[in-house]
Amino acid sequence: MSSLSPDLNPSQRAAVEHGDSPLVVIAGAGTGKTRTLVHRVAHLLDGGIVPERILLLTFTRRASAEMLRRLETTLQQAGREFSQTRRIWGGTFHAIGTRLLRVYGRMLGFEPGFTVLDRSDAEDLLDLVRTEQGLPKSHKRFPRKGTCLAIYSAVVNSRRSLHAVLVEDFPWCRDFEDELKKLFSGFVDRKEDAQAVDYDDLLLFWHALLEDEELGQRVRERFDCVLVDEYQDTNRLQAEILQRLAPTGKGLTVVGDDAQSIYSFRAATVRNILDFAETFPGTTTVKLEENYRSSPGILQLTNQVISEASEGIAKVLWSARSDEKKPRLVHCEDEEEQAQYLIDRVLEHREQGLLLKEQAVLFRTSHHSSLLETELSRRNIPFVKYGGLKFIEAAHVKDLIAFLRLVENPRDLVAGCRVLTLLPGIGPQRSRRLMDAVLRHAGQYDVWNRSVAPADAQQRLQELAQLLTRLRQNEDLPVSAQLSQLRTFYQPLLEEKYDKVEPRVRELEQLESLAGRYTDRTAMITEFALDPPASSEDLAGEPHLDEDYLILSTIHSAKGLEWKVVYTIHAADGNIPSDMSTKNVAQIDEERRLFYVALTRAKDWLYVCCPHRYYHHHRGPKMDQHGYAQLTRFLSQPALAKMEISTVQPAHPHRPDQPHAGQWSQSIRQRVKSMWDD
DNA sequence: CTGACTCGTGTTTTT
DNA sequence: CACGAGTCAG
């Protein structure tokens with residue numbers, strides 16, 4: 001038998017070959033974290049651990065798939081049995097929570113077809129209760145549904161009291177503590193009636209399962225080893241789940257980097273990784289600091305940027321590489337110039353032989369790329385965007401999925417109300433009653449045949465009842481065929497309700513063909529809630545896979561990835577840090593880590609662009625008295641000293657309504673001169 | 001009770 | 001400026 005792990009460095013090897021006492025791996029950016037985790041799992045399998053007794057928790061489904069794929073390759077290369085990889089319990093906390101709920105749900109009162117609500121579904125359900133309790137009317141400015149759910153979620157995930165959450169994070173809602181308490185209690189009841197769980201419940205029920213003496217024991221006994229990736233982005237509830245899963249820390253491995261903790265808005269706390277060793281006595285800590293990703297020039301900058309944070313585990317990443325090329329800071333006049341500059345560089349690198357796929361543009365918020373997207377389309381440069389608004393969030397897609405959910409679970413109140421209010425003449429009140437009737441009649445849609453609705457609505461309502469009943473009885477029909485029938489019913493409604501019908505219909509057809517990927521209806525609905533197709537690439541499927549395209553991504557969605565060339569755009573103060581996150585040191589620190597994550601994605605070339613003038617005044621960074629946006633505060637003097645700095649010469653005259661004397665004359669002079677350039 | 005209308009507010013990141 | 005909440009006429 002050949003060795004499993006021939007070329008690990010000493011720290012990696014220590015982590016891989018560690019025994020079963022608790023282990024925390026502090027892995028700096030690009031230090032081979034995934035590789036270490038993969039080899040550790042391979043090592044465990046080699047030591048005779050049964051694959052289904054390994055639980056591998058990752059941050060995204062994509063990371064999980066990638067990890068299992070690499071594990072297979074590793075085992076295969078070492079001549080080991082590799083098909084067992086598929087038997088490992090791998091996935092996000094939420095996906096594993098769902099899976100456990102499918103196994104133990106009956107004992108908790110869940111039927112197999114229970115619904116997983118995504119964020120906006122949960123908001124809608126909460127809003128139903130909010131209206132039912134008369135909250136919008138009885139008080140001035142009662143918090144909105146989104147805010148209410150955010151409060152609820154913060155309480156659940158951070159394990160703090162409602163009072164503490166209100167005082168610390170939502171001070172403007174402090175007066176509504178009693179009403180909110182009642183609202184949340186009603187929300188919990190409603191979810192139970194609807195056989196629905198939201199994201200938080202997936203963790204909460206898992207936690208509760210472990211709290212029960214008998215069931216908890218059964219869950220604990222399932223696993224010998226629990227490994228957690230991206231531990232710096234777990235929240236307190238998730239940490240408690242781990243503690244109850246492995247009370248002594250035996251068999252527990254967590255991997256992460258406190259410097260890359262960027263999800264505190266989801267209640268993630270960097271304390272989990274910082275305090276791990278205290279929570280589990282006998283913990284071994286391994287630090288990975290040798291970087292295999294970036295050039296030394298990039299590392300010098302990133303080390304500097306993160307060293308200025310107010311707290312964190314000190315790390316100095318180093319590389320054995322020898323090239324010293326500095327990262328480049330580019331001052332641009334405005335967003336258009338930034339886009340222009342960027343496209344020029346992208347094409348230049350493409351000429352040098354770097355695929356578009358090896359280049360990525362990163363930004364703080366999703367809309368930061370809109371001008372660039374327009375420009376790329378205009379110039380026929382293909383791109384794929386990660387993060388931001390998803391296909392699944394489009395109203396017509398949600399509509400059609402709601403039909404499908406109604407076939408799956410007749411008690412799904414949110415889906416039901418959404419579908420029923422589509423019918424002309426049926427509004428919120430009637431749809432509530434119609435759904436209540438179904439609930440009372442054991443999920444039989446034929447109660448709608450003798451219901452009270454305006455005559456023309458009644459006709460369509462009966463057709464709908466028949467269709468739903470037929471699809472429920474015909475279990476073996478492929479999901480795509482079910483969707484096709486539902487779409488036939490939906491299309492006239494869509495045409496009445498929305499304009500620009502054609503692109504919408506085309507998207508629904510896409511949805512239908514996408515359905516082929518899922519084994520059954522339950523799988524499709526659940527995965528759409530838990531892990532929706534995230535990018536245009538995911539949507540298009542195989543035909544596009546061998547094409548070349550530029551990557552556009554929010555920094556959050558870029559986590560864990562790397563590219564040869566990285567462009568970080570909109571690096572102006574107000575964007576990074578976002579001016580909504582500068583209220584305290586903790587927030588600013590997190591924005592700094594976000595910037596750090598963006599910079600550390602780069603292998604060979606790193607560009608940071610800062611446009612200085614923003615024309616849309618309702619958003620964008622705060623301007624100083626001269627109307628100029630400042631460079632991000634995270635590039636201090638010592639950081640700037642590690643960069644090459646350039647200013648783009650304006651390629652076009654400036655807008656007459658935004659005069660800027662100095663640059664004006666400069667650009668005209670430039671034009672006059674350029675006559676003689678060639 | 002529904003659907004068309006007006007008024008005012010707040011605005012990121014995602015499982 | 002876009003969306004949600006509240007108002008009013010059928």
Side-chain angles (χ1 to χ4, degrees), chain A residues 57-64 91-98 116-120 122-124 127 130-131 135-137 139-147 149-150 153 156-157 172 197-203 230 233-235 237-238 261-268 362-368 386-390 392-393 395 420-433 452-454 456-457 496-497 526-532 534 553-559 570 574-582 587 590-591 593-595 597-598 616-620:
Chain A
L57 293 159
T58 50
F59 192 74
T60 60
R61 184 82 119 210
R62 194 154 106 212
S64 169
T92 61
F93 271 89
H94 295 89
I96 298 294
T98 312
V116 178
L117 303 170
D118 70 16
R119 165 117 200 240
S120 84
E123 279 180 10
D124 290 347
D127 203 38
R130 199 172 77 116
T131 313
L135 293 169
K137 282 186 195 139
H139 299 275
K140 261 189 286 179
R141 291 204 322 255
F142 189 82
R144 311 206 156 166
K145 61 179 178 182
T147 312
L149 188 68
S153 201
V156 170
N157 286 293
W172 63 94
V197 289
D198 60 22
Y199 290 148
D200 302 331
D201 290 333
L202 294 171
L203 304 181
E230 307 282 9
D233 282 317
T234 54
N235 59 44
L237 179 58
Q238 289 167 321
S261 165
I262 54 176
Y263 276 89
S264 70
F265 67 91
R266 244 168 64 183
L362 306 183
F363 34 86
R364 168 73 236 259
T365 69
S366 186
H367 66 252
H368 279 161
Y386 291 93
L389 268 181
K390 286 171 190 156
I392 181 109
E393 284 156 26
L420 289 168
T421 46
L422 286 170
L423 304 177
I426 297 181
Q429 305 297 325
R430 267 196 267 264
S431 55
R432 275 300 287 282
R433 282 194 210 137
V452 278
D456 45 343
E496 282 166 47
K497 194 175 171 206
T526 307
E527 291 196 23
F528 257 61
L530 238 39
D531 186 46
S553 175
T554 60
I555 302 176
H556 282 93
S557 302
K559 178 166 148 154
H570 287 292
N575 290 329
I576 309 180
S578 159
D579 48 16
M580 14 206 39
S581 301
T582 48
Q587 282 187 341
E590 174 142 327
E591 295 284 311
R593 295 190 296 259
L594 200 51
F595 187 53
V597 167
H616 329 288
H617 286 269
H618 42 284
R619 55 174 153 78

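Numbered from 1 within each chain, the chains take letters A, B, ... in sequence-line order.
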What integer distance in Å separates A:Ile262:CD1 from B:dT15:P?
11 Å
Where the side chain of A:Arg430 is defined as all heavy atoms beyond and including C-beta, which of B:dC1, B:dT13, B:dT15 is the nearest nucleotide?
B:dC1
Atom pair distance, as rounded to whole Å: CD1 in A:Ile96 and P in B:dT15
16 Å
Mind listing the closest non-hydrogen atom pair of A:Lys145 and A:Asp124 along with its distance?
NZ-OD1, 3.1 Å
So, is the end of the A:Arg62 side chain (NZ or CZ) under 6.0 Å from the ring centre of A:Tyr386 and within 45° of the ring's axis?
yes
With the side chain of A:Thr92 defined as its heavy atoms from C-beta on, choose the nearest nucleotide among B:dT13, B:dT15, B:dT2.
B:dT15
For A:Phe265 and B:dT13, are the ring centres under 5.5 Å apart with planes inclined under 30°?
yes
For A:Phe93, report the nucleic acid contact type (base, sugar-phosphate, nothing); a contact means any heavy atom under 4.0 Å.
nothing
Within the distance-only criterion (no hydrogens, no angle test), does the side chain of A:Arg593 pair as donor or acceptor with the backbone N or O of A:Ser261 below 3.5 angstrom?
yes
On a whole-Å scale, what distance lies between the P atoms belonging to C:dA5 and B:dT12?
16 Å
For the base of B:dT14, is there a side-chain donor-acceptor partner from A:Arg119 under 3.5 Å away?
yes
Quick one: on DNA chain B, does A:Glu591 or A:Phe59 contact a more 5' nucleotide (nearest heavy atom)?
A:Glu591
What's the verdict on side-chain contact (heavy atoms from CB on, under 4.5 Å) for A:Ile576 and A:Phe363, showing C-alpha distance, side-chain angles and the deciding distance?
CA-CA 9 Å; A:Ile576 309 180; A:Phe363 34 86; over 6 Å; no
CZ of A:Phe142 versus P of C:dG4: gap in Å, rounded?
18 Å
Between C1' of B:dT13 and OH of A:Tyr386, the distance in whole Å
18 Å
Look at the side-chain N and O atoms of A:Arg433 and state whether any lies under 4.0 Å from the OP1 or OP2 oxygen of B:dC1.
yes
I want to verify a distance call: between B:dT13, B:dT2, B:dT12, whose nearest atom is closest to the A:Ser366 side chain?
B:dT13
Short side-chain N/O contact to B:dT14 OP1/OP2 from A:Thr554, under 4.0 Å:
yes
Using atom CG of A:Asp118 as one end and atom C1' of B:dT14 as the other, report the distance to the nearest whole Å.
11 Å
Pairs: protein N or O with nucleotides 3-7 of chain B N or O, under 3.5 Å:
unit_1	atom_1	unit_2	atom_2	d
B:dG3	OP1	A:Gly425	N	2.6

Side chain A:Arg266, main chain A:Asn157, donor-acceptor under 3.5 Å:
no
Comparing A:Met580 with A:Ala95, nearest DNA chain B nucleotide closer to 5' gives the residue A:Met580
With sugar-phosphate meaning primed atoms plus P, OP1 and OP2, does A:Arg432 contact a base, only sugar-phosphate, or nothing at under 4.0 Å between heavy atoms?
nothing
How many Å lie between CG on A:Leu117 and P on B:dT15, as a whole number?
16 Å
Indicate the ring-plane relationship of A:His556 and A:Phe265, choosing parallel, tilted or perpendicular according to the 30° and 60° boundaries.
perpendicular
Hey, is the side chain of A:Arg130 poking within less than 4.0 Å of OP1 or OP2 on C:dA5, counting only N and O atoms?
yes
Starting at CH2 of A:Trp172 and ending at C1' of B:dT9, how long is that distance when rounded to a whole Å?
14 Å
What's the verdict on side-chain contact (heavy atoms from CB on, under 4.5 Å) for A:Glu230 and A:Thr58, showing C-alpha distance, side-chain angles and the deciding distance?
CA-CA 7 Å; A:Glu230 307 282 9; A:Thr58 50; over 6 Å; no
Nearest to the side chain of A:Tyr199 - B:dT12, B:dT2, B:dT15?
B:dT15
Nucleotide B:dT14, atom C1' - distance to CD of A:Gln238 in whole Å
12 Å
How would you list, by chain and number, every residue that makes a side-chain contact (heavy atoms from CB on, under 4.5 Å) with A:Pro424, sequence neighbours excluded?
A:Arg460, A:Leu493, A:Glu496
State whether A:Ser581 places a side-chain N or O below 4.0 Å from either non-bridging phosphate oxygen (OP1 or OP2) of B:dT13.
no
